[in-house]
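Atoms considered below: every heavy atom in the structure, side chains included; atoms not considered: hydrogens, waters and symmetry mates. Predicted model only: the values in this text are computed from it and were never measured. Below, chain A is the first sequence line, B the second, and so on; all start at residue 1.
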Amino acid sequence: MKLEELGLPEKLVSSCLKRGISELYPPQADCVEKGLLEGKNLLISIPTASGKTLVAEMAMHRHVANRGKCLYVVPLKALASEKFEEFSGKGPKTGIATGDYDKKDEYLGRNDIIIATSEKVDSLLRNNAAWMGSITCLVVDEAHLIDSEDRGATLEMVITKLRHRNKDLQIIGLTATIGNPRALASWLDADLVTSDWRPVELKEGVFCRDTLYFGEEIKTIETPKKNDDENLCIDCVNDGGQCLVFVNSRRNAEGCAKRMASALKLDEPELEKLSVELEKAAETDMGRILAACVKKGAAFHHAGMKRDQREIVERGFRQGSIRVISSTPTLAAGLNLPARRVVIRDYLRFKGGEGMAPIPVREYRQMAGRAGRPHLDPYGEAVLIAKGPEAANGLYEEFISAPAEDVTSRLDDERVLTGQILSLISTGFVKTEEELPEFLNETFYVHMNKSTAYIGRIVEDAVALLEEAGMITRTGEYLSSTDYGHLVSRLYITPQTAEIITGALRERSGRETGAAPKEFSELGFLQVLCTTPDMYTLYIKKSDMDVLERFYFENEAELWREISFDSMEEGFRALKTAMLVNDWISEAGEDLICSRYGIGPGDIYNTVEGMNWLLHASSRLSSMMIPEFGDPVRETAIRVQHGIKRELLPLIRLKGIGRVRARRLFNNNIMAPEDLEKAGFDRVAAIVGKKIAQQIMKQAAGEGSADAKRRTRPENEYISDKEDEVPVNGRDDPSRPSLFSFGGGPE
DNA sequence: GTCTGCTCCCTGTAGACAGCATGTC
DNA sequence: CTACAGGGAGCAGAC
């Protein structure tokens with residue numbers, strides 16, 4: 001099927017021709033025949049790299065040509081940026097919406113194609129972004145993630161909400177191979193397109209001793225080294241290819257990369273350059289090891305790395321200088337980094353409660369699918385390593401010829417469901433108790449399970465919980481959210497988290513009991529936030545325990561939570577995480593924190609990021625519910641955001657001053673904006689440079705007037721929050737109380 | 001002295017979305 | 001409370 005004959009917009013066709021694409025791949029043609037361009041819903045289940053993206057693009061460009069608007073939903077922020085790059089500059093205006101990269105919401109709506117993570121879409125729905133109503137085409141990338149334990153329920157609800165809202169939405173689901181594609185397709189009222197056609201041949205096989213078994217085809221390789229993974233990689237690299245090794249732990253990833261590096265011992269100017277770049281970014285042992293490995297042509301990849309480190313590794317691999325990457329599953333589902341040979345070394349992975357368990361077939365496929373770079377490799381090879389000859393057959397059956405798992409709905413997760421119900425009520429999707437099951441009837445869960453008995457019970461519990469928490473109220477048959485509930489929904493924290501936060505603060509305030517308010521302690525508050533289900537906490541190692549216990553007893557007075565015997569693990573995980581953040585706001589160095597907790601710099605970033613988010617939510621919640629703690633909460637938020645001790649707070653308010661410059665000024669006895677003038681321009685300039693000095697001294701001079709006023713937030717900020725969009729179903733809900741009442745407070 | 005190879009024993013276990021308002025070295 | 005492999009310690013042998 002010729003691309004030019006499909007009546008597609010000029011720009012798309014020409015950009016394809018430029019990349020040498022003039023004819024559709026067979027599965028793509030199949031999609032067109034099934035009505036892709038006539039607005040039919042499709043569920044497309046075809047291998048990676050067989051042109052899913054182009055299918056989506058064709059449909060989206062059609063919509064844009066007809067003045068439609070498209071939403072492309074992805075599971076990862078990194079994937080959002082990747083797609084953004086890919087879609088940009090082909091005609092339609094493209095925008096991206098993720099937590100950390102965001103053009104203003106209303107500006108977003110001016111785009112023709114919007115790329116967003118599923119959580120961001122959910123958040124936009126909760127905040128009633130008006131343009132969501134004009135979406136005509138929804139593309140769900142990696143739709144099988146509806147099965148994901150922690151995030152699947154959100155995705156399912158997002159799809160359901162969007163369909164409910166825009167009745168004639170065209171839905172295109174892109175999915176890896178799954179066991180029950182028909183079930184998913186019928187939920188979406190979609191035609192199914194399946195195929196295992198690939199642009200590059202994929203050989204899947206097992207390696208044993210010195211031989212690769214690809215079904216009938218057998219290939220013996222040289223085995224100079226003791227380890228199978230090294231032999232496989234060296235063989236591939238000597239053949240001019242690149243190799244990707246999947247392992248099951250970070251330590252293994254690093255260890256493997258080290259061995260590969262000393263086996264390869266490459267010495268090339270490009271590698272030297274990358275290594276120097278990494279050396280500059282390295283402040284930790286991990287960073288130095290990475291730089292040393294890259295110098296010789298190997299690298300590792302896992303979530304403990306900083307973003308810039310990952311990017312350098314990815315770039316080095318794409319340009320071909322880095323030959324081998326050993327990786328944890330980060331790279332399996334993440335971005336597109338194909339290699340000629342993929343070695344799945346560890347097909348067992350630690351699973352809580354079960355010990356080592358085999359990875360799901362679907363995950364094996366995702367990893368195997370990375371093999372073979374289109375146009376660059378003659379074929380791709382995915383290799384499992386067998387311990388012995390008997391094991392080899394087992395691996396064939398267990399992974400290569402095994403059918404992919406079915407996907408199931410994860411909507412019966414109580415925690416997620418409670419938050420989702422709150423958001424349904426808060427945004428007006430659901431107005432009465434009867435409408436709730438009606439709405440849920442449209443979900444994949446009910447589609448699959450038919451019966452609503454089980455989920456009905458969860459829903460009942462959830463409604464009761466929300467009512468008791470004062471997040472929703474009942475007026476006759478009407479359900480509506482209180483201002484507290486509305487805020488919780490919009491902050492995108494789970495109701496449980498909100499209750500833990502407000503509960504802890506209220507308890508300290510002594511409101512409930514009439515007792516005298518207790519003092520606020522950052523450490524105690526951080527500890528509480530770490531016990532929240534929205535915060536993910538660090539693992540505990542055996543060697544951590546004595547440090548943790550000592551810390552616990554030394555700081556008992558400041559902590560807000562006791563660690564009980566039956567939830568030791570959780571308790572100490574929360575404590576460890578709180579300790580990390582506490583170190584961070586004591587200005588401990590990256591290096592020190594990493595070695596103290598046995599983590600990578602990326603983990604610090606993630607932890608701080610999560611804490612930042614919860615602190616922001618906390619400051620909003622405290623303004624509304626427990627205003628007497630508003631100031632200390634906000635103060636903690638600022639300290640975590642910048643990673644500074646309390647003494648730097650006055651300086652940090654100046655624009656252009658971050659943690660480093662503030663510290664430098666402070667150590668030179670300039671402790672507050674007022675001190676700047678006393679010190680004089682020349683001294684300030686000597687510390688932070690002329691340009692910054694000029695900038696901040698001007699600000700300091702203007703202090704106390706308009707600037708200072710702006711900083712105190714208006715007391716009723718949470719009420720005056722712009723409610724500029726009309727609620728989903730049109731008219732305002734008459735039953736919503738116009739003024740909030742202190743939920744749960746003394747009546 | 002240093003590198004390598006071997007065995008034994010102990011240790012520890014992947015990943016990552018969301019708010020918000022602008023400015024780090 | 002699960003299973004397994006990596007890697008350190010300790011030692012011997014080769015250069």
Engineer: Side chain of A:Ser123, backbone of A:Glu119: donor and acceptor closer than 3.5 Å?
Structural biologist: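 No: the side chain of A:Ser123 does not pair with the backbone of A:Glu119.
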Engineer: Is A:Arg259 salt-bridged to A:Glu230, cutoff N-O under 4.0 Å?
Structural biologist: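 Judged by the 4.0 Å cut-off on N to carboxylate O distance, A:Arg259 and A:Glu230 do form a salt bridge.
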Engineer: Give one of base, sugar-phosphate or nothing for A:Arg663, where a contact means two heavy atoms less than 4.0 Å apart.
Structural biologist: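 Since no nucleic acid heavy atom lies under 4.0 Å of A:Arg663, the category is nothing.
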Engineer: Kindly say if A:Arg659 contacts the phosphate of B:dG23, meaning a side-chain N or O under 4.0 Å from OP1 or OP2.
Structural biologist: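 False: A:Arg659 side-chain N/O out of range (4.0 Å or more) of B:dG23 OP1/OP2.
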Engineer: Just how far, in rounded Å, is C1' of B:dT24 from CD of A:Gln695?
Structural biologist: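 Between C1' of B:dT24 and CD of A:Gln695: 12 Å.
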Engineer: Say you pick atom P in B:dC17 and the same atom in C:dA5; how far apart are they, in whole Å?
Structural biologist: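 My reading of the P atoms in B:dC17 and C:dA5 gives 31 Å.
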Engineer: Under 4.0 Å, heavy atoms only, any strand: does A:Ile657 hit a base, just the sugar-phosphate, or nothing?
Structural biologist: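 Sugar-phosphate only.
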Engineer: Compare all side-chain heavy atoms of A:Ile604 with those of A:Cys594 and state whether any distance is below 4.5 angstrom.
Structural biologist: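 A side-chain contact under 4.5 Å exists here.
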Engineer: Could you walk me through whether A:Arg250 and A:Asp603 pass the side-chain contact (heavy atoms from CB on, under 4.5 Å) test, one step at a time?
Structural biologist: CA-CA 12 Å; A:Arg250 292 178 179 185; A:Asp603 298 305; 2.7 Å; yes
Engineer: Verify side-chain contact (heavy atoms from CB on, under 4.5 Å) between A:Thr494 and A:Thr418, making sure each step is shown before the conclusion.
Structural biologist: CA-CA 8 Å; A:Thr494 60; A:Thr418 310; over 6 Å; no
Engineer: Round to the nearest Å and state the distance from A:Lys280 atom NZ to B:dC25 atom C1'.
Structural biologist: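 The distance from NZ of A:Lys280 to C1' of B:dC25 comes to 13 Å, rounded to the nearest Å.
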Engineer: B:dA14 and C:dG7: how far apart are their P atoms, nearest whole angstrom?
Structural biologist: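 It works out to 13 Å between them.
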Engineer: Compute whether any side-chain donor of one residue and acceptor of the other, for A:Lys161 and A:Thr427, lie under 3.5 angstrom apart.
Structural biologist: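 The answer is no; no qualifying pair exists.
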Engineer: Given side chains that start at C-beta, do those of A:Lys351 and A:Met356 come closer than 4.5 Å, heavy atoms only?
Structural biologist: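 Result no, sub-4.5 Å side-chain heavy-atom pair not found.
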Engineer: Hey, what do you get for CG (A:Leu676) to CD1 (A:Ile696), rounding to the nearest 0.5 Å?
Structural biologist: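 Here the rounded value is 5.0 Å.
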Engineer: A:His616 vs A:Gln641, test: side chain to side chain donor-acceptor pair (under 3.5 Å). Steps then yes/no.
Structural biologist: CA-CA 10 Å; A:His616 169 258; A:Gln641 189 184 344; over 6 Å; no
Engineer: Is any side-chain heavy atom of A:Leu648 closer than 4.5 Å to a side-chain heavy atom of A:His642?
Structural biologist: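 The answer is no, as the side chains (C-beta and beyond) never meet within the 4.5 Å cut-off.
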Engineer: Write down the distance between NZ (A:Lys576) and P (B:dG12), rounded to a whole number of angstrom.
Structural biologist: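 From A:Lys576 NZ to B:dG12 P: 10 Å.
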Engineer: Taking atom C1' in both C:dC4 and B:dA16, compute the distance separating them and give it to the nearest angstrom.
Structural biologist: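 Result for the C1' pair: 26 Å, nearest Å.
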Engineer: Once you apply a heavy-atom cut-off of 4.0 Å, does A:Gly355 come out as touching a base, just sugar-phosphate, or nothing?
Structural biologist: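 Result for A:Gly355 = base.
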Engineer: Output yes when at least one side-chain N/O atom of A:Lys655 is less than 4.0 Å from OP1 or OP2 of B:dG23, else no.
Structural biologist: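 For B:dG23, OP1/OP2 do have a side-chain N/O of A:Lys655 under 4.0 Å.
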Engineer: Measure from CD1 on A:Ile638 to P on B:dC20 and round the result to the nearest Å.
Structural biologist: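 The distance from CD1 of A:Ile638 to P of B:dC20 comes to 17 Å, rounded to the nearest Å.
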Engineer: Quick one: label A:Arg126 by what it contacts on the DNA or RNA (base, sugar-phosphate, nothing), any heavy atom closer than 4.0 Å.
Structural biologist: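 Result for A:Arg126 = nothing.
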Engineer: Take atom CD1 of A:Ile344 and atom P of C:dA5, then tell me their distance rounded to the nearest Å.
Structural biologist: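 My rounded result for the distance is 17 Å.
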Engineer: Within this structure, what is the CG-to-C1' distance between A:Asn227 and C:dG6, rounded to whole angstrom?
Structural biologist: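 That distance rounds to 10 Å.
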Engineer: Take N1-N3 plus N6-O4 or O6-N4 for Watson-Crick, N1-O2 plus O6-N3 for G-U, both under 3.5 Å. Which runs of 3 or more such pairs involve DNA chain B?
Structural biologist: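 The stems that DNA chain B takes part in, listed by first number, are B:1-13 with C:3-15.
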Engineer: What is the distance from CG of A:Asp229 to P of C:dA5, rounded to the nearest Å?
Structural biologist: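 About 12 Å, once rounded to whole Å.
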Engineer: Encode nucleotides 13-19 of chain B as B, S and - characters from 5' to 3', where the letter depends on protein heavy atoms closer than 4.0 Å: B to the base, S only to sugar-phosphate, - to neither.
Structural biologist: BBBBBBB
Engineer: Give the rounded distance in Å between these two atoms: CZ of A:Arg259 and P of C:dA5.
Structural biologist: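 Value for this atom pair: 13 Å.
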